[in-house]
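Everything numeric in this text was worked out from a predicted model, so none of it was measured.
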Amino acid sequence: MSLHPTLQPYADAWTHSIEAISELVQPLVEGEWNRRTPCPGWSVRDLVSHVIGLDSEMYGDPRPIHTLPRDLFHVTNDFQRYMEMQVDVRRHHTAPEMTSELELSIIRRNRQLRNETRQPDTMVRGPLGTELTLEESMRNHAFAVWVHEQDLRTALGRPGNLDSPGAHITRDVLLDALPAVVAEKADAPRSSALVFDVHGPIEFLRTIRVDIQGRGTLETAPALGPAAAFALDWETYVRLACGRVTPEAVADRVKAEGEPELTAAVLRNFAVTR
């Protein structure tokens with residue numbers, strides 16, 4: 001194995017999630033590919049098309065030359081238009097075509113990962129012509145594919161893998177984004193602390209401290225007398241942070257203590273994915 005040790009956890013997480021996705025969709029009949037998912041405007045077919053498209057671009061394939069229809073209500077910005085391209089070109093593919101392309105994509109990417117010799121800090125292409133390191137790219141990809149595995153599980157009524165390797169990558173990605181949610185988006189008071197207590201298949205207790213300059217930092221030490229405290233289960237945390245549900249829809253699964261305006265601002269700004 002030539003893959004750099006720093007990159008191996010991301011490769012392992014992707015492998016676990018993409019194989020789970022393959023197992024989920026392999027037995028589906030044609031009609032089940034049209035089921036709605038938590039992603040606005042996307043069916044099961046669309047979501048799998050998105051995953052195939054992500055992996056084809058990770059592999060280095062050119063993007064499709066395609067004109068999007070004008071009536072896609074869920075496509076409202078450049079990033080969504082960029083992501084929709086790989087989806088719309090497959091919108092009329094049959095179930096066998098979808099599963100065959102998914103399997104081919106998995107084979108190609110597995111071969112690519114086995115032969116990967118680049119260093120983690122190598123710059124690679126990202127969405128919309130951006131550049132990022134190979135490590136950032138693989139981390140983001142492992143995160144995205146696990147979240148989409150969960151989207152498929154929700155659509156198909158097949159829960160599972162909430163504590164898989166991809167779930168642990170997702171925890172770290174979402175926690176990295178939490179200081180900005182609290183300090184910048186929710187504008188929490190300076191010199192304050194907010195506590196997040198998450199239970200379930202993945203458990204953690206984290207504090208976000210906001211300093212006198214208004215900068216947020218993530219800490220593992222609990223805070224005494226926090227300005228706000230949130231207790232919720234891991235699945236709800238993920239669904240909120242990934243924008244799959246509104247705070248109102250899961251109000252019964254989130255225990256929030258503190259100034260109501262502050263707790264509402266945090267939950268209103270909790271989603272960190274586009």
Same apolar cluster (I L V M F W Y, side chains within < 4.5 Å links), Leu267/Val195: no
Counting C-beta onward and ignoring hydrogens, is there a side-chain heavy-atom pair between Val210 and Pro189 closer than 4.5 Å? no
Please answer whether the main-chain N or O of Gly53 pairs with a side-chain N or O of Ser56 as donor and acceptor at a distance below 3.5 Å. yes
Student check: side-chain heavy atoms of Pro179 and Thr217 closer than 4.5 Å: no
Which pairs, with at least one residue in residues 159-172 and sequence neighbours excluded, count as a salt bridge (charged side-chain N to carboxylate O under 4.0 Å, His left out)? none
Besides Val29, the hydrophobic cluster formed by Ile, Leu, Val, Met, Phe, Trp and Tyr side chains linked at under 4.5 Å, directly or via other members, contains none
Indicate, with yes or no, if Leu218 and Val173 share a hydrophobic cluster defined by side-chain heavy-atom contacts under 4.5 Å among Ile, Leu, Val, Met, Phe, Trp and Tyr. yes
Can you give me the closest heavy-atom contact between Ile169 and Pro9, atom names plus distance? CD1-O, 4.4 Å
If you look at every heavy atom in Ala11 and Leu113, which pair is closest and at what distance? CB-CD1, 4.2 Å
Arg158: partners by salt bridge (Lys or Arg N to Asp or Glu O under 4.0 Å), with sequence neighbours left out: none
Does the side-chain contact (heavy atoms from CB on, under 4.5 Å) test come out yes or no for Val25 and Trp33, once each step is laid out? CA-CA 8 Å; Val25 302; Trp33 285 85; 3.8 Å; yes
In this structure, CZ of Arg206 is separated from CG of Leu175 (nearest 0.5 Å) by 5.5 Å
Heavy-atom pair of closest approach, residues Ser22 and Leu102: CA-CD2, 3.8 Å
Decide side-chain contact (heavy atoms from CB on, under 4.5 Å) for Asp55 and His141; before the verdict, give the C-alpha distance in whole Å, the side-chain angles of both, and the deciding distance to 0.1 Å. CA-CA 8 Å; Asp55 269 306; His141 190 56; 2.8 Å; yes
Residue pairs passing the salt bridge (charged side-chain N to carboxylate O under 4.0 Å, His left out) test where at least one lies in residues 117-132, sequence neighbours excluded: Glu116-Arg118
Not counting sequence neighbours, list each pair that qualifies as a ring-ring contact (aromatic ring centres under 6.0 Å, His included) and has a residue in residues 160-187. none
Can you find a heavy atom in the side chain of Leu3 that is under 4.5 Å from one in the side chain of Tyr10? no
Look up atom CZ in Arg45 and atom OG1 in Thr94, then write down how far apart they are to the nearest 0.5 Å. 7.5 Å
Side chains of Asn161 and Ser17 in contact at under 4.5 Å (non-hydrogen atoms): no
Minimum heavy-atom separation for Arg209 and Ala193, please, with both atom names. NH1-CB, 3.7 Å
Test: salt bridge (charged side-chain N to carboxylate O under 4.0 Å, His left out). Region: residues 175-187. Which pairs qualify, not counting sequence neighbours? Arg139-Asp176
Identify the two heavy atoms, one from Thr273 and one from Gly243, that lie closest to each other, and give their separation to 0.1 Å. OG1-N, 4.2 Å
If Ile, Leu, Val, Met, Phe, Trp and Tyr residues are connected whenever their side-chain heavy atoms lie under 4.5 Å apart, and connections chain through other members, are Phe204 and Val182 in the same group? yes
Do Thr263 side-chain atoms and Pro260 backbone N/O form a donor-acceptor pair below 3.5 Å? yes
The reported gap from CZ in Arg239 to CG in Asp151 (rounded to nearest 0.5 angstrom) is 9.5 Å
With the side chain counted from C-beta on, respond yes when Phe79 and Pro127 share a heavy-atom pair under 4.5 Å apart, and no when they do not. yes
Is there a donor-acceptor pair under 3.5 Å between the side chain of Thr37 and the backbone N or O of Ala155? no
Would a single hydrophobic cluster contain both Val181 and Val198, if residues Ile, Leu, Val, Met, Phe, Trp and Tyr are joined by side-chain heavy-atom contacts under 4.5 Å? yes
Output side-chain donor-acceptor pairs under 3.5 Å for residues 224-238, partner residues at least two apart or in another chain, one line each.
| unit_1 | atom_1 | unit_2 | atom_2 | d |
| --- | --- | --- | --- | --- |
| Asp233 | OD1 | Thr236 | OG1 | 2.7 |
| Asp233 | OD1 | Arg253 | NE | 3.2 |
| Asp233 | OD1 | Arg253 | NH2 | 3.2 |
| Asp233 | OD2 | Glu235 | N | 3.2 |
| Asp233 | OD2 | Thr236 | N | 2.9 |
| Asp233 | OD2 | Thr236 | OG1 | 3.1 |
| Asp233 | OD2 | Arg253 | NH2 | 3.1 |
| Trp234 | NE1 | Leu162 | O | 2.9 |
| Thr236 | OG1 | Arg253 | NE | 3.1 |

Short question: side chain of Ser105, backbone of Glu101 - any donor-acceptor pair under 3.5 Å? no
Going through the checks in order, is the side-chain contact (heavy atoms from CB on, under 4.5 Å) test met by Asn110 and Ile106? CA-CA 6 Å; Asn110 271 320; Ile106 293 171; 3.4 Å; yes
Kindly give the cluster partners of Leu72, where membership spreads through any ILVMFWY side chain lying under 4.5 Å from a current member. Leu68, Val75, Met85
Trp14 versus Met58: any side-chain heavy-atom pair under 4.5 Å? no
If only atom types and distance count, is the side chain of Arg244 paired as donor or acceptor with the main-chain N or O of Cys242 below 3.5 Å? yes
How far does OG1 of Thr133 sit from CG of Leu7, to the nearest 0.5 angstrom? 8.5 Å
Sub-4.5 Å side-chain heavy-atom contact between Gln86 and Ser49: no
Output, in order, the C-alpha distance, side-chain angles, deciding distance and verdict of side-chain contact (heavy atoms from CB on, under 4.5 Å) for Leu240 and Val254. CA-CA 10 Å; Leu240 275 171; Val254 180; 4.0 Å; yes
Report the residues that fulfil salt bridge (Lys or Arg N to Asp or Glu O under 4.0 Å) with Arg63, sequence neighbours left out, ordered by chain and then residue number. Glu57
Under 4.5 Å between any side-chain heavy atoms of Leu28 and Leu156, yes or no? yes
Rounded to the nearest 0.5 Å, how far apart are OG1 of Thr122 and CG of Leu132? 11.5 Å
Is there a path of hydrophobic side-chain contacts, each under 4.5 Å between heavy atoms of I, L, V, M, F, W or Y residues, that connects Val266 with Val272? yes
Is the His148 ring parallel, tilted or perpendicular to the Trp42 ring (thresholds 30°, 60°)? tilted
Output all residues satisfying salt bridge (Lys or Arg N to Asp or Glu O under 4.0 Å) with Arg91, sequence neighbours left out; order by chain, then residue number. Asp46, Glu84, Asp88
Any pair with a residue in residues 33-43 that passes salt bridge (charged side-chain N to carboxylate O under 4.0 Å, His left out), sequence neighbours left out, goes on the list, sorted by first then second residue, please. Glu32-Arg35
Shortest non-hydrogen contact from Glu203 toward Gly200: CG-O, 3.2 Å
Atom pair CD1/CD of Ile52 and Glu103 - distance to nearest 0.5 Å: 9.5 Å
Got a sec, which pairs hit ring-ring contact (aromatic ring centres under 6.0 Å, His included) with one end in residues 89-118, sequence neighbours left out? none
